[in-house]
Amino acid sequence: MRVFSIFSGLFSPILASLGELAMLAGDTFGSIARGRIRMGLTIRQIAEIGFGSQLVVVVTGAFTGAVFTAQAYFQFASLNMETAVGPVVTLAMFRELGPALTGLMVAGRVGAAMSAEIGTMKVTQQIDALRALAVNPVDYLVVPRALAMLISMPILVVECVGLGVLASYYVGVHVLGITGVYFVANVQKFTEGSDIMMSLIKGFVFGGLIVFISCREGLRAKDGAVGVGRATTATVVTSSLAILITNFFLTMALNILFPAGQR
Amino acid sequence: MIEPLIHVQNLVQRIGGQEILRGLNLDLFPGETLVLLGKSGGGKSVFLRHLIGLMRPVSGSIVFEGSEITTLKERELEPIRRKIGMLFQDGALFDSMNVFDNVAFPLRERGEHDPAVVREKVARSLAMVNMTGHEHKMPVNLSGGMRKRVALARAIISPPDVILYDEPTAGLDPIVSDSINRLIRRLQSQLRVTSLVVTHDMVSCNRVADRVALLHEGRIHFLGTTQQLRDAQDPIIRDFVDGRSGETVY
Ligand SMILES: Nc1ncnc2c1ncn2[C@@H]1O[C@H](COP(=O)(O)OP(=O)(O)OP(=O)(O)O)[C@@H](O)[C@H]1O
Ligand SMILES: [Mg+2]
């Protein structure tokens with residue numbers, strides 16, 4: 001009985017949040033389906049989210065690719081398997097590192113800003129002003145951000161992976177002396193459309209997690225500046241954890257659709 | 001007998017164990033200007049928020065144009081909110097937009113995208129509140145009274161049937177206050193706007209009111225004309241009208 005109450009105490013808030021997130025997502029997709037889309041705001045958000053995040057994402061991808069290549073090389077060289085470095089790094093970037101790292105960086109950069117902005121609007125009654133002017137806050141605030149995020153994230157993931165692979169090639173071939181032709185041939189041999197698909201799907205899902213978590217935290221902010229700070233922290237922590245946890249389950253599920261190493 | 005435009009019955013609201021509205025009854029008739037008085041923290045702003053569905057009462061009913069609004073869902077309230085304008089107590093301007101875009105917001109949201117028309121209407125609305133020439137300032141760079149006037153310009157730009165004013169003249173100098181009082185009057189006489197004006201300003205009250213209501217302990221304690229208010233003998237009303245801090249030693 002005691003154990004049960006501890007468990008329910010722990011899980012019922014989580015279930016409630018999941019329920020609210022699902023409702024917000026449902027409301028948002030409902031509005032999108034009914035065409036309640038503000039193009040101008042969406043484009044501005046794409047510029048903010050997609051364009052503005054490129055630098056961090058690209059730098060993250062490049063240096064992860066580079067350092068991973070170096071480590072893989074040090075390990076594989078002792079087994080005379082240097083040419084495996086390219087495909088290993090490329091597959092890992094496409095399937096795991098690219099989407100997860102992009103998600104974490106975007107959660108920190110964009111998610112935090114979104115919940116701070118919406119949270120400030122909430123505590124200064126600007127959301128109420130929207131409602132009083134017969135403008136639905138989900139349509140006005142969440143829909144453009146969700147569209148922008150769902151469009152931008154897959155592209156950002158591809159940029160992250162792309163730069164990671166380029167950095168890997170540069171470090172592998174020009175710094176560590178792997179033969180360039182082998183590197184490219186092996187990467188081509190072992191990378192498939194399904195790997196790219198997987199990273200796009202993950203990017204899309206992570207984008208959804210970030211945008212709905214941050215908008216929900218912003219929309220329920222209360223108690224002034226402290227509350228906005230709390231919402232921002234909660235956004236970064238929750239969306240980062242959600243990305244890491246979802247990533248595991250997505251990998252397991254997607255591996256059934258696109259099995260790895262079956263060639 | 002005219003049907004009331006807004007009919008409030010037995011409205012009860014509790015927030016965090018504090019009983020703010022305790023069975024409030026009030027009718028607002030088409031075309032009239034009703035002034036709502038009441039002490040600070042008495043629940044006037046909370047009451048106004050109920051009238052456009054920003055808050056849901058614990059119990060009681062609000063009927064607008066014959067239909068109950070307290071049970072409507074967020075999206076179902078939109079047609080009603082298009083007919084009711086609200087001036088928030090602290091303006092609630094959108095701080096990411098300049099004055100012009102704030103005032104133009106309701107127009108654009110209602111599908112008016114012709115820049116010439118928008119510019120013309122915004123200019124007219126800003127002129128009505130003596131704010132011409134401040135179009136490009138951001139809300140954070142305005143004084144409190146200026147912010148309030150921009151919010152008023154936003155509330156009246158496409159004149160709704162009903163306007164709820166939360167302290168329209170608080171923090172304004174007597175001259176601007178007077179022009180706001182005239183504006184409220186003009187909207188009533190020219191456009192037949194129905195108004196509910198929350199205020200502490202007895203001058204403004206006397207200038208604009210057709211009827212006056214006094215909110216006390218979560219109920220309407222007094223309802224009548226400004227003359228009846230001045231003549232009232234009830235100590236609660238007298239303290240309020242004469243500006244005494246209660247517990248008077250006679
Ligand atoms: N969101 C809220 N959470 C908790 N308490 C609230 C909330 N909104 C209002 N209150 C409380 O309700 C009471 C009435 O507040 P309200 O703002 O309606 O007063 P008011 O009559 O408008 O006062 P004033 O004339 O000073 O504007 C206050 O005690 C206030 O603390
Ligand atoms: Mg108030």
Side-chain angles (χ1 to χ4, degrees), chain A residues 20 23-24 26-45 47-48 113-145 215-216 218-225 227-228, chain B residues 15-16 45-46 48-56 69 72-97 101-111 113 139-140 147 150-152 154-158 160-166:
Chain A
E20 278 177 36
M23 296 239 294
L24 180 59
D27 209 0
T28 307
F29 287 120
S31 287
I32 294 174
R34 278 184 211 95
R36 287 199 274 251
I37 297 168
R38 286 167 170 80
M39 264 309 162
L41 291 178
T42 307
I43 290 166
R44 206 184 310 162
Q45 288 298 328
E48 187 100 342
M114 276 197 290
S115 69
E117 188 182 346
I118 296 179
T120 305
M121 290 185 74
K122 175 73 192 311
V123 301
T124 55
Q125 295 195 355
Q126 294 177 57
I127 304 263
D128 284 340
L130 277 179
R131 295 168 66 204
L133 291 165
V135 175
N136 187 286
V138 172
D139 292 359
Y140 189 80
L141 296 170
V142 185
V143 167
R145 286 170 171 76
C215 289
R216 170 176 170 270
L219 286 172
R220 64 206 286 273
K222 52 175 197 268
D223 300 338
V228 175
Chain B
I15 306 177
S45 301
V46 166
L48 289 194
R49 295 166 64 79
H50 284 83
L51 296 180
I52 44 168
L54 292 180
M55 285 177 88
R56 253 169 235 290
I69 66 164
L72 294 183
K73 298 199 186 69
E74 183 71 19
R75 289 190 195 271
E76 296 167 344
L77 283 162
E78 280 170 20
I80 287 158
R81 288 173 178 162
R82 271 186 216 113
K83 295 184 186 169
I84 307 182
M86 174 145 173
L87 170 65
F88 284 84
Q89 188 162 6
D90 50 13
L93 295 176
F94 302 121
D95 56 17
S96 61
M97 301 176 197
D101 290 334
N102 262 287
V103 178
F105 185 86
L107 285 182
R108 290 176 174 153
E109 279 301 320
R110 269 155 228 194
H113 291 296
V140 281
R147 230 172 277 156
V150 174
L152 183 55
R154 184 177 70 181
I156 62 174
I157 186 154
S158 48
D161 300 348
V162 183
I163 306 183
L164 312 173
Y165 301 88
D166 201 343

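Lettering follows sequence order; numbering is per chain, from 1.
Between chain B and the options A:Val138, A:Asp139, A:Ile127, A:Thr120, heavy-atom pairs under 4.5 Å are most frequent for A:Asp139. Per-residue counts of heavy-atom pairs under 4.5 Å with chain A were compared for B:Arg81, B:Glu78, B:Arg49; the largest is that of B:Arg81. Heavy-atom pairs under 4.5 Å with chain A peak, among B:Ile80, B:Asp90, B:Leu93, B:Ile52, at B:Leu93.
Contacts between A:Leu130 and chain B at a heavy-atom distance below 4.5 Å involve backbone atoms as well as side-chain atoms. Residue contact with chain A, scored on non-hydrogen atoms closer than 4.5 Å, involves the backbone and the side chain of B:Leu54 alike. Only the backbone of B:Ile84 comes within contact range of chain A, with heavy atoms under 4.5 Å apart.
The shortest heavy-atom contact between B:Arg110 and A:Leu133 is NH2-O, 3.5 Å. The minimum heavy-atom distance between B:Ala92 and A:Ala129, with the atom names listed, is O-CB, 3.5 Å.
The number of heavy atoms from other shown groups lying within 6.0 Å of CE (A:Met23) does not exceed 12. More than 12 heavy atoms of other residues, nucleotides or ligands sit less than 6.0 Å from atom CZ of B:Arg108.
Between atom CZ of residue B:Phe94 and atom OH of residue A:Tyr140 there is a gap of 6.5 Å, rounded to the nearest 0.5 Å.
By the 4.0 Å N-to-carboxylate-O rule, A:Arg131 lies close enough to B:Glu74 to be salt-bridged with it.
Side-chain atoms of A:Gln125 do not come within 3.5 Å of backbone N or O of B:Phe88 as any donor-acceptor pair.
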Run the side-chain contact (heavy atoms from CB on, under 4.5 Å) test on A:Gln126 and B:Asp95 for me, step by step, so that the C-alpha distance in whole Å, both residues' side-chain angles and the decisive distance to 0.1 Å come before the verdict.
CA-CA 8 Å; A:Gln126 294 177 57; B:Asp95 56 17; 3.0 Å; yes
